[in-house]
Protein chains: 2
Amino acid sequence: MLSKKCKYAIHALVYLAEKYQEGPVHISEIAQKRHIPKKFLEAILLELRNAKVLHSKKGKGGGYYLHQKPSDVNLMEIIRLMDGAIAMLPCVSLHYYEPCEECRNEKTCGIRDAFIKVRDETLAILGGSTLDKILKREKALALK
Amino acid sequence: MLSKKCKYAIHALVYLAEKYQEGPVHISEIAQKRHIPKKFLEAILLELRNAKVLHSKKGKGGGYYLHQKPSDVNLMEIIRLMDGAIAMLPCVSLHYYEPCEECRNEKTCGIRDAFIKVRDETLAILGGSTLDKILKREKALALK
DNA sequence: TTTTATCCTATTAAATCTATAGACTTTAAG
DNA sequence: CTTAAAGTCTATAGATTTAATAGGATAAAA
C-alpha cells in the first residue's frame, strides 16, 4: 500500500499539473483544495522540489509549480521518491536493491522469478502513467 | 514491500511443499532450516492453519503439513493472508476495499486507472505462482 | 522594513511490525 | 496412567515507521 505521504504527493502534483504554466501556487491552496494537512504537505513539496520535480518561489506571490511538463512526470518516479522501492522484495528492486536475509542463495531462489515479473509489469504501467494522462482521464470521466 | 512475516510464510510453505506427503514437520525443523525465529514462525503457521492452508497434528510426532496440493497454493493467497491487500491503493483493492480519504469522487478519479491495471497484472502473476512451480524452478536453477 | 511565503530542523503521537514469554491442551509412547 | 513432546493461544514488550505539528530561519516583494 502506498503511504499517505505518497498519495498526498500524487494529488498535489495532479493539482499542479492542472495549473501548469499559470504561475506559482500556494501550499495553502493545494492543502485546502485537496484536504491535505498543510504542514505535512509543506514537507512533501519541499522534498519534491529538492528532487527537481517542482520549482518554488519564495515571498509574496510565491508558491510551487511543476519543473517539467506534465507529460514528463510519471507515477513511477513519484512513488520511488516518496515511498522508495516499488518491488515487493528488496532482492528484486532495481533502485533499492538489498539481498534478502531469508534467502540463502539468490541464484537458486525459486521465489524471486514471480516478483521480478510483477516488478516489470508494475514499472511499465506506472512509468507510462504521466500527470497529463491522469488529467485527461479525469476530464473524460467527468463528462460521462 | 512484503513484511517479514509474509516472507517467512512463503519460505515455510515452500519448505513444506518440498516435504509434501511425508507426514508432519516440526516447527523447530522449519525454523532451523530456514532461519526463522521459532516463536514468530509458530504464530505464522497457526494463522495458516486457521486459514486452512495447513493442517497440524498435536503431540509427539506432530507438526504441520500442507492441506492442499502444492499446485493449489499460490503466492496471491499467501500474501493476502499475511499482509492483506495486494493493491497499492485501498480504493482499488478487491478483497480489502476501502474508499480513499483523499479522493473526493471515485467515479472521476483519474489516478485509479493505473493502479487497477497494476493490481490485475500483479494478481495474474502471483495467482499463477504456485508452490510446485516455485519448487520446480528452484530445482532447475540448482542444476545450472 | 513589513508582510508573505517557502525552507529547515526538531519533536511528538500513533500505528504497525517483529519478536518473545508463558501457561494450556492434546497426543503418543512407555 | 504418567511423562515428554509438540502445537494452541493470549498477552505484551520493543523497535521501527508513519503521520502530523511546532517554531524559527530565510528570501522576496511591496
Side-chain angles (χ1 to χ4, degrees), chain A residues 1-12 16 23-32 34-67 79 81-85 88 90 96 98 100-102, chain B residues 1-12 16 23-32 34-67 79 81-85 88 90 96 98 100-102:
Chain A
M1 282 280 175
L2 299 184
S3 67
K4 286 208 165 191
K5 184 182 168 192
C6 188
K7 288 194 251 176
Y8 289 158
I10 295 171
H11 282 280
L16 288 173
V25 182
H26 292 173
I27 294 177
S28 312
E29 179 185 334
I30 309 173
Q32 212 166 45
R34 292 295 141 112
H35 308 103
I36 303 172
K38 192 191 159 200
K39 271 294 193 180
F40 197 6
L41 181 60
E42 204 178 299
I44 293 167
L45 296 183
L46 196 56
E47 221 174 308
L48 291 171
R49 189 201 87 108
N50 292 335
K52 316 278 184 211
V53 175
L54 296 178
H55 264 171
S56 65
K57 206 172 162 236
K58 279 185 169 185
K60 201 163 191 175
Y64 282 97
Y65 53 100
L66 280 184
H67 181 48
I79 295 173
L81 280 170
M82 295 294 112
D83 285 359
M88 300 181 87
Y96 298 84
E98 270 183 72
C100 265
E101 297 170 32
E102 294 75 41
Chain B
M1 283 278 176
L2 298 183
S3 67
K4 287 209 165 193
K5 183 181 169 194
C6 188
K7 288 194 250 177
Y8 289 157
I10 295 171
H11 282 281
L16 289 173
V25 181
H26 293 173
I27 294 178
S28 313
E29 179 184 333
I30 309 173
Q32 215 166 42
R34 293 294 140 112
H35 309 103
I36 303 173
K38 193 190 160 202
K39 270 295 193 178
F40 197 7
L41 180 60
E42 207 178 296
I44 292 167
L45 296 183
L46 195 58
E47 220 175 308
L48 290 171
R49 189 201 88 107
N50 292 334
K52 315 278 185 213
V53 175
L54 295 178
H55 263 170
S56 64
K57 203 170 164 239
K58 277 186 171 184
K60 205 165 189 174
Y64 281 97
Y65 52 100
L66 279 185
H67 181 49
I79 294 172
L81 280 170
M82 294 295 113
D83 285 359
M88 300 181 87
Y96 299 85
E98 271 182 72
C100 265
E101 297 171 31
E102 293 74 41

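A note on names: the letters A, B, ... follow the listed sequences, proteins ahead of strands, and every chain is numbered from 1. The structure presented is a predicted model; accordingly, all values stated were derived computationally and were not measured.
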Could you state the CG-P distance from B/Leu2 to C/dC17, rounded to the nearest angstrom?
-> 12 Å
Start at the 5' end of DNA chain C and walk down; is the nucleotide closest to B/Pro37 or to B/Asp83 reached first?
-> B/Asp83
What is the distance, rounded to the nearest whole Å, between atom CE of B/Met1 and atom P of C/dT18?
-> 12 Å
With heavy atoms under 4.0 Å as the rule, sort A/Leu45 into base, sugar-phosphate or nothing.
-> nothing
Whole Å only: how far is the NE2 atom of B/His26 from the P atom of C/dT26?
-> 19 Å
Can A/Glu101 and B/Lys4 be counted as an ion pair, charged N to O under 4.0 angstrom?
-> yes
Nearest-Å distance, CG (B/Leu46) to P (C/dA19)?
-> 17 Å
Nearest heavy atoms of B/Asp83 and B/Leu2, plus distance in Å = OD2-CA, 3.4 Å
Classify the ring geometry between A/Tyr8 and A/Phe40 as parallel (under 30°), tilted (30 to 60°) or perpendicular (over 60°).
-> perpendicular
Below 3.5 Å, can you tabulate the donor-acceptor pairs from side chains in residues 47-54 of chain B to any protein atom, sequence neighbours excluded?
from    : atom 1 : to      : atom 2 : distance (Å)
B/Glu47 : OE1    : B/Lys5  : NZ     : 3.1
B/Glu47 : OE2    : B/Lys5  : NZ     : 3.3
B/Asn50 : ND2    : B/Leu46 : O      : 3.4

Heavy-atom side-chain proximity of A/Met88 to B/Ile79 below 4.5 angstrom | yes
Whole angstrom value for the distance that separates P of D/dA20 from CD1 of A/Ile44 = 9 Å
Nucleotide D/dA6, atom P - distance to CD of B/Gln32 in whole Å = 12 Å
Contact residues, residues 49-58 of chain A to DNA chain D [heavy atom, < 4.0 Å] | A/Lys57, A/Lys58
Look at the side chain of A/Lys39 and decide which nucleotide, out of D/dT21, D/dG7, C/dG22, has an atom nearest to it.
-> D/dT21
Residue-phosphate contact under 4.0 Å: B/Ser28 side-chain N/O, D/dA6 OP1/OP2 = no
Taking atom P of D/dA19 as reference, at what distance in whole Å does atom NE2 of A/His35 sit?
-> 19 Å
Looking at the side chain of A/Phe40, which of C/dA19, D/dA19, D/dC9 is the nearest nucleotide?
-> D/dA19
Heavy-atom closest pair, residues A/Ala31 and A/Lys38 | CB-CA, 3.9 Å
If only side-chain N and O atoms of A/Tyr8 are considered, is one of them under 4.0 Å from the OP1 or OP2 phosphate oxygen of D/dA19?
-> no
note: B/Ile27, atom CD1; C/dA19, atom P; distance rounded to Å ~ 16 Å
Judged by nearest nucleotide, the residue sitting upstream toward the 5' end of DNA chain D, A/Lys60 or A/Glu42, is A/Glu42
Minimum heavy-atom distance B/Met1-A/Ala85, with the two atoms named | CE-CB, 3.2 Å
